[in-house]
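What follows is one structure encoded as structure tokens, with my remarks underneath.
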Amino acid sequence: MAEPIKTKVLVLGGGPGGYVAAIRAGQLGLDTTLVEVDRLGGTCLIRGCIPSKAIIYVAGQFEAMAKPRHGISLTMQPAINFAETVKWKETVVDKLNNGVATLLKRAKVRVVKGWGTFSDGKTCHVKTKDGEIAITAEHVILAAGSIPVELPFLPFGGNVISSTEALSLAEMPKRLVVVGAGYIGLELGIAFRKLGAEVTVVEALDRILPLYDAQLVEPVRKWLQKNGVTVHLGAKAKGLEDGNLVVETKDGETLKLAADKILVTVGRKPNTEGWGLENMAVDMDGRFVKVDDRCATSMKNVWAIGDLVGEPMLEHKAAKQGDMVAEIIAGQKRKFDPASIPAVCFTEPEIVSAGMLPTPETAKDNSIITATFPFAANGRALSMEAGDDGGFVRILARASDHRVLGIQAVGAHVSELSNEFSLALEMGAVLEDIAGTIHVHPTLGEAFHEAALRALGHAIHI
């Protein structure tokens, strides 16, 4: 057994929340140890957000080349070598992985590579290539992240894959069936459709992207329809038969869908098994670790962040919680109370949502102002062929004082507006703040300005 380690802060899991917590703790002068069995960067950087956006980018480039327009055409159709695409994607991941390693080293964080298992709340035994190391800590930050949900009748393996395998395929599938029409399934399904695959989506609920309202999702639905993606709503996957996916439709009909790959994206669950959580005596909230507004668990000096502690399972939430916990351990007074946790779907077109979403009740509620501005009236959108997909920016505000409560957008490249939306909510902006801010022309952000003007009753360009 290797020499035991005593440390002030032990972080389990090198995902975004974990490495941010470790780096910040190191910056604050705390003796910090990070335990990670995988490559540094976690799900987002290695198997999720970053590699998927790289594939989505390539898919967009391929689609643009394949469709002659505006005087540009090719003498022959483009071809995709998906193995080369994956190889390029890995170079992006490698750069960020190396960047994380450099930042940890600069912050003087001790990194222990191996599988860690807690025997009690403050002791972790790590199996490394050089033997087992026992680590005891004064503070423990749990950042083990999440894993894909596996359906019992469609276990991962062979042609049944999760998003992890979809991002590292050796070749393009000709026929792809996606089970689950949430953001992960649709992001990847749309990308593979752009790359030439025949794509079918199976969703048990009666609509795609069920976390968002129908108006926000409509442009994505139209894109799927226009581009030949077959969508079965209210349909349930039942299992495999001779390599085909058996599906029961909402009308009781049984379909057998042929597929080269079946991508199961029915959600993610907290990674709570296999590393000794049951030995730590922390309270649970259903399947999640229960924490307060400081991310403190029921055990003194044991903290939990990110996907372990509940929805939304988003990198930027985990990173902010990790930063906060490190500062609390260093003696600062902090709590996690954001005005909003914005979310982005990198579908076609993209969707952004921050804060309150409209409901049938808010539509009837005179205390809520709702205003939209279409990208069809935005010069920048029209100049880059992004004004005809039904996209818009929408603002919800309190009628009594014009306090902005929610902001959404759907359209090309709207993900880049998400931070302005989040900032407005965090600073408690009112409609007059947005309307009174000069927005650069020509930009997509002008639509945000125009939506605020419209909410105030004096829109200029519509």
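Predicted model, so just to flag it, every value in this text is computed and none were measured.
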Main chain of [Y], side chain of [X]: is a donor-acceptor contact present, judged purely on distance under 3.5 Å?
{"X": "D433", "Y": "V430", "answer": "yes"}
{"X": "K89", "Y": "L167", "answer": "yes"}
{"X": "N97", "Y": "V93", "answer": "no"}
{"X": "K127", "Y": "G116", "answer": "no"}

Give, for atom [atom1] of [X] and atom [atom2] of [Y], the distance between the pair rounded to the nearest 0.5 Å.
{"X": "L216", "Y": "L357", "atom1": "CG", "atom2": "CG", "value": "7.0 Å"}
{"X": "W115", "Y": "D38", "atom1": "CH2", "atom2": "CG", "value": "10.0 Å"}
{"X": "F156", "Y": "E165", "atom1": "CZ", "atom2": "CD", "value": "7.0 Å"}
{"X": "I351", "Y": "S418", "atom1": "CD1", "atom2": "OG", "value": "13.0 Å"}
{"X": "M324", "Y": "I305", "atom1": "CE", "atom2": "CD1", "value": "8.5 Å"}
{"X": "E450", "Y": "F373", "atom1": "CD", "atom2": "CZ", "value": "4.0 Å"}

By the definition salt bridge (charged side-chain N to carboxylate O under 4.0 Å, His left out), identify the one residue from K67, R69, R380 that meets it with E385.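 That would be R69; it is the only one of K67, R69, R380 passing the salt bridge (charged side-chain N to carboxylate O under 4.0 Å, His left out) with E385.
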Side chains of [X] and [Y]: donor-acceptor distance under 3.5 Å anywhere?
{"X": "R394", "Y": "Q215", "value": "yes"}
{"X": "H413", "Y": "E350", "value": "no"}
{"X": "D365", "Y": "S367", "value": "yes"}
{"X": "E420", "Y": "H439", "value": "yes"}

Are the side chains of [Y] and [X] in contact, using a 4.5 Å heavy-atom criterion?
{"X": "V309", "Y": "Q321", "answer": "yes"}
{"X": "V86", "Y": "L169", "answer": "no"}
{"X": "L186", "Y": "L209", "answer": "yes"}
{"X": "K53", "Y": "E187", "answer": "yes"}
{"X": "L396", "Y": "P358", "answer": "yes"}
{"X": "F82", "Y": "L195", "answer": "yes"}

Salt bridge [X]-[Y], side-chain N to carboxylate O under 4.0 Å:
{"X": "R207", "Y": "D213", "value": "no"}
{"X": "E241", "Y": "K256", "value": "yes"}
{"X": "D323", "Y": "R24", "value": "yes"}
{"X": "E90", "Y": "K87", "value": "no"}
{"X": "E327", "Y": "R334", "value": "yes"}

Do you know which two heavy atoms are closest between [X] and [Y], and how far apart they sit?
{"X": "T32", "Y": "G26", "result": "OG1-N, 3.8 Å"}
{"X": "A339", "Y": "L425", "result": "CB-O, 3.4 Å"}
{"X": "T265", "Y": "G185", "result": "OG1-CA, 3.2 Å"}
{"X": "Y212", "Y": "C345", "result": "CE1-SG, 3.5 Å"}
{"X": "L314", "Y": "A343", "result": "CD1-CB, 4.1 Å"}
{"X": "F62", "Y": "K194", "result": "CD2-O, 3.2 Å"}

Any chance [atom1] of [X] has more than 12 other-residue heavy atoms, nucleotides or ligands included, within less than 6.0 Å?
{"X": "F288", "atom1": "CZ", "value": "yes"}
{"X": "N227", "atom1": "CG", "value": "yes"}
{"X": "K113", "atom1": "NZ", "value": "yes"}
{"X": "I72", "atom1": "CD1", "value": "no"}
{"X": "E432", "atom1": "CD", "value": "yes"}
{"X": "E273", "atom1": "CD", "value": "no"}
{"X": "M427", "atom1": "CE", "value": "no"}

F421 ring center within less than 6.0 Å of F448 ring center: yes
Please report, to 0.1 Å, the donor-acceptor pairs under 3.5 Å made by any side chain of residues 198-206, with sequence neighbours excluded.
{"residue": "E203", "atom": "OE1", "partner": "A181", "partner atom": "N", "Å": "2.7"}
{"residue": "E203", "atom": "OE2", "partner": "L205", "partner atom": "N", "Å": "2.9"}

By side chain to side chain donor-acceptor pair (under 3.5 Å) - contacts of R193 (at least two apart): none
Take V20 and I23 through the side-chain contact (heavy atoms from CB on, under 4.5 Å) test and state the conclusion after the steps. CA-CA 5 Å; V20 168; I23 290 169; 5.9 Å; no
For a side-chain contact (heavy atoms from CB on, under 4.5 Å) with W303, tell me which candidate from V291, V11, V325 qualifies.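 In the set V291, V11, V325, the residue that makes a side-chain contact (heavy atoms from CB on, under 4.5 Å) with W303 is V325.
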